[in-house]
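Notes follow the structure.
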There are 4 protein chains.
Amino acid sequence: MPRGSAGETGQARPLPERLLGVATRLFAENGYESTSVQEIVEAAGVTKGAMYHYYAAKDDLLYTIYHRLLAVQTERLERFAGGGGTPEERLRAAAVDVIDTSFTHLDELTVFFRSMHLLPDGKRKSVRAERRRYHERFRSLVEEGQRAGSFRADVPADLAVSFFFGAVHQITTWWHPDGPLDARAVGRYYVGLFLDGLRRGGGLGADLDGGPGDGGLETLGEC
Amino acid sequence: MPRGSAGETGQARPLPERLLGVATRLFAENGYESTSVQEIVEAAGVTKGAMYHYYAAKDDLLYTIYHRLLAVQTERLERFAGGGGTPEERLRAAAVDVIDTSFTHLDELTVFFRSMHLLPDGKRKSVRAERRRYHERFRSLVEEGQRAGSFRADVPADLAVSFFFGAVHQITTWWHPDGPLDARAVGRYYVGLFLDGLRRGGGLGADLDGGPGDGGLETLGEC
Amino acid sequence: MPRGSAGETGQARPLPERLLGVATRLFAENGYESTSVQEIVEAAGVTKGAMYHYYAAKDDLLYTIYHRLLAVQTERLERFAGGGGTPEERLRAAAVDVIDTSFTHLDELTVFFRSMHLLPDGKRKSVRAERRRYHERFRSLVEEGQRAGSFRADVPADLAVSFFFGAVHQITTWWHPDGPLDARAVGRYYVGLFLDGLRRGGGLGADLDGGPGDGGLETLGEC
Amino acid sequence: MPRGSAGETGQARPLPERLLGVATRLFAENGYESTSVQEIVEAAGVTKGAMYHYYAAKDDLLYTIYHRLLAVQTERLERFAGGGGTPEERLRAAAVDVIDTSFTHLDELTVFFRSMHLLPDGKRKSVRAERRRYHERFRSLVEEGQRAGSFRADVPADLAVSFFFGAVHQITTWWHPDGPLDARAVGRYYVGLFLDGLRRGGGLGADLDGGPGDGGLETLGEC
DNA sequence: CATGAATGAGCCTTCATTCAT
DNA sequence: CATGAATGAAGGCTCATTCAT
């Protein structure tokens, strides 16, 4: 039986994919630094040499995980953002999809927010740039809605997006498939809370008058 | 000059405190796994032996960081939750304070969500239990408001809390003191978005009818 | 020059063997606890990583030393015990061989009785079990002779074996190749003293009458 | 309550004695190198400073254990060797006493043969010299018997003593108070086996003729 | 006499990565 | 393409001992 095509695990995915899948799971379970290359290749049924043939370094696996996740999310966001309907309808669809995607990529998301800081500088910058583009595309949807008058304009769009994304990205820290709420329910509640909070006429309360204007978020921080 | 009271760094705090402060900063900057005990003790101006005199292991520093942060937050929450005023007023005050505290403990928070999974089992369970108690105290505030009719009852209080906490806890991934928004502004916006989303009459949209009832979240997951 | 086959020391044995030999000598000379892994690998002309490639831990070297010694002794005992001749002849041959083997494995024996207690529980139990089987095989030879009437029956066979093995195993504490007695001489004298003491008709003396009967030794203790 | 006189353990022995007793037990149980000074002082209910007040170093405890044991044994041997009766009677009495003493100082003996090599050079030489004197005194008893014609002369007295002492000193590796043989029984059997092996007329067998003469053992080895 | 904070040297072990085969 | 032996650089931790109090 040829190595790299099926292997002891019986999976038919090509070796690079299999390694990535195994690594994602192990990183999510035990942490990036607590997972040795040895464990990864053993779980994939190959040897180290095989892994280094496809990935130049351990952090290449990490980078690839991030890169793919962001590519998937960006591609889907484009589709929903560019679809038909009112800005609110499109934002809702996009927001629902963000959560859906998050639930189907929980491991990737877990690894993302736990271990991004472990990437070497170059790769970390690259990931951050991708993530910013994604953030900005989502923000532009909110801005559209604000201009159209569907959403309150007294909250910086940037901030609203960070607020929503923050809530979504932390799902990995508390949600569990055996819990009382299934993924779809969480998604609908979260989108509801977000959009209602954003709806015009909310009014943040008197003490918010004179809050800072719509200053764009220049930096997304260090991740 | 007495050892352990000031040392080369000129700080007057006792050594255990100084080590904790130094470790918190380094963990936040470079990650727990990428920070060696050697770096910590060098930054504190002592030797390894001195550190191990006070902390039995490197992860004891991590645990202490978490434990103290949670103790501070719990103590403050009790104060705000038990104060006077309507449930909404108390929830608002508590929420504002959560964000305030988060901003003054950004490093601790950063370390918390990045590295909690690196704690050994026993300590992780202990931290998780403390965190759950904190979550539940906050949730009970929301439930009070729901019973009083100020907040929508069609969203599980547990979920609303997770939503808000998620957004807040992710602040460390994007906020930067040099950015356009100062801490207070972020706090007011976030609290506004949260409370408006929670306000009665929002209506999550037609597709939410028949969503899961007000089932409490039994588990808070693995963190 | 291929790595691992000869190395700087010029020896042609494979690395695992070379490491074991070096470790045995150093453990015997300086003690297990006083010998660092660094010293072992330096003496073998490799780096630590190379050693840990073959031995999972320092105590694996210790265990392997014991295990091999016992395997050699057991195998030889089987041969002598199962040979032809009267029980006394076979016991004599076996006893002579025990001493011969001890002299050709003095370092191993030295390490054995000094450091067995440093093995982790599992490994120590395993070694002890092997040693007990060896003891019992030897004991059955003595019992054969007792039944045949060649040996006195008023001494428990177990005890006689412990007596002889004790004397032999302590050789490492006083014998030195430069001393006045060569290995063969010691062997013949020891075997003579043992067999004459065991011979029928000795009589342990009046005060031994009424001593405990032939109760077998149930346990061999902790080693 | 004054420290050092009774302490938390309630014993009335002076502190130096208590420390020695605790150390002996711990060394026998866990090994010298695996027992930390911290454990010793904790078990004795004092602090490190107190211990270093009485013992200059950890190996001073070890040395003292050996020194005392040898002093006790030497003193007793003098008494029995210098008593009345035939050489055989005196040797028997001395041999019985050696075993008695060994059984009442099992821990000391265990530590002795496991850890003597860990003493620094000077102390080790000193202990070895004491031990040699003891050996020689015992040997002279055997030689007396040989000259008197009670013991065979075809075995070097030195070797016979090493043989007997070897058997006795290994008792710690197999004897256990819960085993089927009590201490007295072991003693009588051992002395019987030894003296019968030594008795005139044994005859080591034809193959021993021409064995080495009565060359004295020059060195007692490294221990 | 006794304390206990601090030192400093060293120990065992891990692990990403390389490279001859 | 793939192997796996070997490297080399750290890393966390232990511990006997000292010394100011």
Side-chain angles (χ1 to χ4, degrees), chain A residues 2-5 7 15 32-41 46-61, chain B residues 1-5 7 14-16 19 32-41 44-61, chain C residues 1-5 7 14-16 19 32-41 44-61, chain D residues 2-5 7 15 32-41 46-61:
Chain A
R3 279 291 174 73
S5 62
L15 182 51
Y32 174 77
E33 294 271 354
S34 305
T35 305
S36 69
V37 170
Q38 189 61 43
E39 286 171 315
I40 297 170
V41 297
V46 293
T47 60
K48 283 185 192 169
M51 196 211 85
Y52 279 97
H53 184 73
Y54 294 106
Y55 299 94
K58 187 187 176 189
D59 56 47
D60 252 31
L61 286 166
Chain B
M1 185 178 67
R3 280 294 173 71
S5 64
L15 184 49
L19 285 165
Y32 175 78
E33 313 99 313
S34 305
T35 304
S36 69
V37 170
Q38 190 58 45
E39 285 171 323
I40 296 170
V41 298
V46 292
T47 60
K48 281 186 204 172
M51 195 210 86
Y52 280 97
H53 188 71
Y54 294 104
Y55 298 95
K58 188 187 174 190
D59 58 48
D60 250 32
L61 287 167
Chain C
M1 184 177 66
R3 280 293 173 70
S5 64
L15 184 49
L19 285 165
Y32 174 79
E33 315 98 312
S34 305
T35 304
S36 70
V37 170
Q38 189 59 44
E39 285 170 323
I40 297 170
V41 297
V46 292
T47 60
K48 282 185 199 171
M51 195 211 87
Y52 280 97
H53 188 71
Y54 295 103
Y55 299 95
K58 188 187 175 189
D59 58 48
D60 250 33
L61 288 167
Chain D
R3 278 293 175 73
S5 64
L15 183 49
Y32 174 76
E33 293 272 353
S34 305
T35 304
S36 70
V37 170
Q38 189 61 43
E39 286 171 316
I40 297 170
V41 297
V46 293
T47 60
K48 283 184 193 171
M51 195 211 86
Y52 278 97
H53 183 73
Y54 294 106
Y55 298 94
K58 187 188 176 188
D59 56 48
D60 252 30
L61 288 166

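So you know, we letter chains A, B, ... as the sequences are listed, proteins then strands, and number each from 1.
- Residue Tyr55(B) places no side-chain N or O under 4.0 Å from the OP1 or OP2 atom of dC13(F).
- Among the atoms of the strands shown, only primed sugar atoms or phosphate atoms (P, OP1, OP2) are found under 4.0 Å from some heavy atom of Thr35(C).
- The base-pairing partner of dC1(E), taking Watson-Crick or G-U wobble contacts with both distances under 3.5 Å, does not exist among the strands shown.
- Picking from dC1(E), dA6(F), dA2(F) the nucleotide with the shortest atom distance to the side chain of Tyr54(D) gives dC1(E).
- Residues Tyr32(C) and Leu61(C) form no side-chain contact, since every pair of their non-hydrogen atoms from C-beta on lies 4.5 Å or further apart.
- dG8(F): Watson-Crick or G-U partner is dC15(E), with both key distances under 3.5 Å.
- Candidate nucleotides dC12(E), dT17(F), dA6(E) were compared by shortest atom distance to the side chain of Val37(C), and dC12(E) ranks first.
- Here His53(C) lies in heavy-atom contact (under 4.0 Å) with a base.
- When side chains are defined from C-beta on, Glu33(D) counts as touching Ser34(C), because their heavy atoms get closer than 4.5 Å.
- For Thr47(A), the listed nucleotide lying nearest its side chain is dT3(F); candidates were dA16(F), dT3(F), dA5(F).
- With hydrogens and angles left out, the side chain of Lys48(B) and the base of dT7(E) share no donor-acceptor pair within 3.5 Å.
- Positionally, the nearest nucleotide of DNA chain F for Ser36(B) lies more toward the 5' end than for the other of Ser36(D) and Ser36(B).
- Out of dG4(E), dG12(F), dC1(E), the shortest distance to the side chain of Tyr52(B) is found at dG12(F).
- Residues His53(B) and Leu15(B) are not in side-chain contact: their nearest non-hydrogen atoms beyond the backbone lie 4.5 Å or more apart.
- For the OP1/OP2 pair of dA16(F) and a distance below 4.0 Å, the side-chain nitrogens and oxygens of Lys58(D) include at least one atom meeting the criterion.
- Both distances falling under 3.5 Å, in either a Watson-Crick or a G-U wobble arrangement, place dG10(E) opposite dC13(F).
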